[in-house]
Amino acid sequence: MFELALQNLLSPMVLFFVLGLAAALARSDLTVPEAVAKLLALYLLMAIGFKGGAEVAHHGVDGTLVATLAAGILLSFATPVLAYAILRGTTRLDPVNAAAVAAHYGSISAVTLVAVTGVLTQLGIAWDGYMVAVAAAMETPAIVAALLIARGRSGGDEPGESRGALLREVAFNGSIVILVGAFLIGAVTGARGAGLLKPFLVDAFPGVLCLFLLDMGLVAGRGLAQGRRYLSPAVTGFAIVMPLIGAVLAGGLAWAIGLSKGSTAVLITLAASASYIAVPAAMRLALPQANPAVALTLSLGVTFPFNLLVGIPLYIALAGRITA
Amino acid sequence: MFELALQNLLSPMVLFFVLGLAAALARSDLTVPEAVAKLLALYLLMAIGFKGGAEVAHHGVDGTLVATLAAGILLSFATPVLAYAILRGTTRLDPVNAAAVAAHYGSISAVTLVAVTGVLTQLGIAWDGYMVAVAAAMETPAIVAALLIARGRSGGDEPGESRGALLREVAFNGSIVILVGAFLIGAVTGARGAGLLKPFLVDAFPGVLCLFLLDMGLVAGRGLAQGRRYLSPAVTGFAIVMPLIGAVLAGGLAWAIGLSKGSTAVLITLAASASYIAVPAAMRLALPQANPAVALTLSLGVTFPFNLLVGIPLYIALAGRITA
Amino acid sequence: MFELALQNLLSPMVLFFVLGLAAALARSDLTVPEAVAKLLALYLLMAIGFKGGAEVAHHGVDGTLVATLAAGILLSFATPVLAYAILRGTTRLDPVNAAAVAAHYGSISAVTLVAVTGVLTQLGIAWDGYMVAVAAAMETPAIVAALLIARGRSGGDEPGESRGALLREVAFNGSIVILVGAFLIGAVTGARGAGLLKPFLVDAFPGVLCLFLLDMGLVAGRGLAQGRRYLSPAVTGFAIVMPLIGAVLAGGLAWAIGLSKGSTAVLITLAASASYIAVPAAMRLALPQANPAVALTLSLGVTFPFNLLVGIPLYIALAGRITA
Amino acid sequence: MQTFPKKRIEIVVEAPLLRRITARLAETGVGGWTVVPVLAGHGQHGDWTAEGQIGTASQMVMLITVVDAVRLDAVLDGVFALVSRQIGVVTVSDVAVVRPERF
Amino acid sequence: MQTFPKKRIEIVVEAPLLRRITARLAETGVGGWTVVPVLAGHGQHGDWTAEGQIGTASQMVMLITVVDAVRLDAVLDGVFALVSRQIGVVTVSDVAVVRPERF
Amino acid sequence: MQTFPKKRIEIVVEAPLLRRITARLAETGVGGWTVVPVLAGHGQHGDWTAEGQIGTASQMVMLITVVDAVRLDAVLDGVFALVSRQIGVVTVSDVAVVRPERF
Ligand SMILES: Nc1ncnc2c1ncn2[C@@H]1O[C@H](COP(=O)(O)O)[C@@H](O)[C@H]1O
Ligand SMILES: Nc1ncnc2c1ncn2[C@@H]1O[C@H](COP(=O)(O)O)[C@@H](O)[C@H]1O
Ligand SMILES: Nc1ncnc2c1ncn2[C@@H]1O[C@H](COP(=O)(O)O)[C@@H](O)[C@H]1O
Ligand code: NA
Ligand code: NA
Ligand code: NA
């Protein structure tokens, strides 16, 4: 496992992330234009969705798909409850902010999904293509759970914001649409499509991921510099412990379902990841009283680096133990 | 032919276009930044121009080049007259708007050119590199024809806008410059250049085209949602019938010239396509009274999807018959 | 050598630069969005830094590294003094503007570095990976030298601008951070990383360089059109003679050190190049009285095209003589 | 040239809220608006920058709308119903236009 | 700090027209202007957005120019000669500047 | 809706100077600002455009800050100490805001 951790830490992907982090903390003027960051994210989601779909077209779907989808949805619903309880018990966050943070940790981070598949591919560990669909299914339930908690605790309902409209918006948010859409296209076009798109979507993937993680490092570093004041020891501890709790829960479910090593690693990583595309935007609409910087600093400034540097090799090792 | 149609409909390129269309109609917030869309278009025009030029360097130019250029220019001059007559006869468009729409249908769509070459490459059908030059030659005559019609009918001349300056601007518009420039560079550098640029310009082409057609689907979907009110049955019918008329005319000329199957398919597709980069901008300057949304909704919202989904396989089949 | 010059002039890279130049001078509306230009520059610096680092990981560093670094720093310090003397002796530039221009010519152009490595790779001439570090070391000293000159001559000190803050900013400017960072990552990850990133960073490199040089041609062309009034014969002559002087000095030092042919060509090209990313920004802060258009017109409008079209093959031929 | 007085409202607001604001403007009968990108900003909630962002949550936009003075209060009421708990700034200024019937 | 009154003209107009407008401003003797990108908008001609656009036809830009009041009418005349049949909006407001000789 | 008068300062300035200007604003006690991208411009120093640029040297940005009138002179003094020898333009105009305590 230490070898795995070292190999991970010395991979170009992780090192480019660290470069970005260091550049931001050194206040370098290195920047990635917003349009470029969006192109890189679009590409990565398209690539991973398409590869997942093509894999499904090739290997078919075994009986575990439905169970895994259910497990993912369950995790996404349950984790916010747990996260909320921990936050209220150990930190000074008020109910609304605690609910907002809980929603982030219940949902998933598409970028962390991209990173774990990058590492798995490098290690030659196969994962089931339908995990892409599982990831998509895990995005929304956490938002519903967090809104129920927030309404229950704060007694307030969101003025002027219909729950239905909000969930529809989250379900059709850009990153989900491209991920699921590319998955379906991969499944429909199969080997023929995969051959055609391989140079663009497969061969270039690690390089684009490096560039993207450089950007994520820059954004995380700026976020950390800005959000330092929110990082009390208790809150920071939450951002590291919560992924581990999610990992253990997901590991147990993966073991019960009998997932393959690669898919177990993906499910664990999804559960351990915290959203920073879909959920932050949804929270600005549904819980505007929550301070967005708190959840973003935790998710992007602490949990994402933790997962990238330490978590992913840990989760892969854990998946190895579970499926041994 | 049905097999060809089905294979086309299930190609990743077409499916990504449909994904974009569906996302826009579902009001997803999936977007492609303007700068990214421009990069994709720049890349595709550069790639197709360069490949055309390299092909000419390899195979040389046969005697049909001059005849094909003449045929293209003739089509571009003649189609607007026909289109104008049909529009005035069957729809309620006033003379100025009818002339503006006619200019769009006489000229060509570089994006449709990119799409047809993508399909031909996938099917392994060769086309002559000089068709890129033919495409460039077909862009401007339609604008001249439409302005002559508009002046003749509305009796007005364009205040403050010199025809010469306008045509110069159209001839040097960015998409023509990169298409023709890359063509010349491909022709000059030949096999040496082609080898060097193959991974970037050839191997990645289908993948970039998918991403670009996703964007075109989004733009077309938004345009349709916005422009629905202009889509009377007569006008919509025009946007589907006119490409077919152009296709038949071009097919006849290609037959008379004796073009190869691939080049016939390209010439037909060019004639059947309607501009939405160069001509719309020119019309804003030359015929500002025309409502730009009318022509754009027809060209991008109806004719482009029609050509991509149905037209291109039809045109290739037609080219097969003609050259059989 | 004439063959080398011709082959260079007919390379796709140079031809795309010429296309951009011609399009700008013909006032075409062809443009590359700012975000795209930044992506292309980011990619190229990342690719060249990484390749340099991976090369060092593979071949190790020989004893000439320290000597070459020292030579580079010496060149960067000394060239501005020479440049200033020439400018004051032969042109009408006042002390402040002469100092600002001198800083540009003492420092280096990362884009020219990218171009020369592109040509060397095409010719199959190897260069030492550590030349990337030499390039980074040559960026800043020229700025210090120019500020010392300007303070000495104009008697004024820069109000409110601390020298330390300025140099720190220049040292951490984005292009240096990505170049040096990617170099270190390449050195750390070695062959494993290089294999992973080859399709993205190596195979696509010539194509991306073409697109980037198209943009540089457009920018240079617009700069020339705008800055014509600054191009007196004396000043224009400086922009062509100064690179040759730098080349001769660098050639002598490379010969004394005993650099390989490829590395000699790189060192010569660096010395002959003039900055237009880092130094212009630094001059706006440190010498705001200087007219930025003067230095930029010379550096980007005259010296860069000269180096790309004539200089680089000349410098490679010179390197061949020196190391014969 | 004869000009007519109107009000220019400038709203800097979080990007996820934009759709709701424009919908509200349309309901209030506002005939037009223009949305301008924002690169970076600073306020009570600290610094932010659009650079490198992939989501819209930490993004802001600037909306400009020119309206007739009689409509000003209705527009401000509608906008503040939405932005009061959100991050953002609203300013109003006097402008003159040439074609008054448009606003 | 002493300030001097000037006029700020803000023009939202279709991108293909920009070159002609700046040429006209230069002819009228206007000394400077600034062009700002526009993301999206809504008006009599409906909604539009720059997102995903590859051409300039359905694109708009915002031009801001600060001029002396004595030049205002000439500038507006010149601009309206161009934009009257085009899609766009022109507003004028009062501003103060510190260095009056620049405008 | 009750509104309160404030001052809107608009600064078009070279991008490399931006960090120093915002630092100066913060020192002067200014509570917020917004930075808007600029596509192109024209002035005494000629034409420039952001298109295709890879460095920040020939780039400009537009900073907008709304401040209380009592702070105006201090802000202008601070800004002009920086921009007086730089390329750029500063204008001041009157605006009304709804939440006066923010500025
Ligand atoms: N005084 C101000 N002048 C201009 N823009 C402001 C001002 N205050 C806030 N803003 C903008 O509104 C955003 C949110 O402000 P705040 O809610 O105070 O953090 C900031 O990031 C700025 O873009
Ligand atoms: N009242 C308004 N306030 C601000 N911008 C406007 C207004 N009306 C129109 N615009 C802008 O001008 C463009 C064209 O307007 P129109 O010609 O009315 O469609 C719109 O898309 C907006 O960007
Ligand atoms: N009168 C003006 N109105 C609006 N913007 C201006 C004006 N003058 C200058 N600018 C802007 O400020 C920049 C620098 O101006 P200058 O220092 O005069 O070259 C120009 O490129 C424009 O973006
Ligand atoms: Na999670
Ligand atoms: Na046509
Ligand atoms: Na140099």
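A note on names: the letters A, B, ... follow the listed sequences, proteins ahead of strands, and every chain is numbered from 1.
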For A182(A), which atoms come within 4.5 Å of any heavy atom of chain B: side chain, backbone, both, or neither?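 Both parts, heavy atoms under 4.5 Å.
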Highest number of heavy-atom pairs under 4.5 Å with chain B: which of L42(A), I185(A), L201(A)?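 Result: the option with the highest number of such pairs is I185(A).
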Within the structure provided, determine whether [X] and [Y] are in side-chain contact (heavy-atom separation under 4.5 Å).
{"X": "V36(B)", "Y": "K38(A)", "result": "no"}
{"X": "D203(B)", "Y": "D203(A)", "result": "no"}
{"X": "D29(B)", "Y": "V177(A)", "result": "no"}

Please classify the contact of E34(B) with chain A as side chain, backbone, both or neither, using a heavy-atom distance under 4.5 Å.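 Interface part for E34(B): neither.
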Please classify the contact of L214(B) with chain A as side chain, backbone, both or neither, using a heavy-atom distance under 4.5 Å.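 Contact with chain A: side chain only.
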What are the residues of residues 192-200 of chain A, in order of number, with any heavy atom under 4.5 angstrom from a heavy atom of chain B?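 Within residues 192-200 of chain A, the residues under 4.5 Å from chain B are R192(A), G193(A), L196(A), L197(A), P199(A), F200(A).
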Validation: residues 11-27 of chain B side-chain donor-acceptor distances under 3.5 Å, sequence neighbours left out:
unit_1: S11(B); atom_1: OG; unit_2: N8(B); atom_2: O; d: 3.0
unit_1: S11(B); atom_1: OG; unit_2: V14(B); atom_2: N; d: 3.3

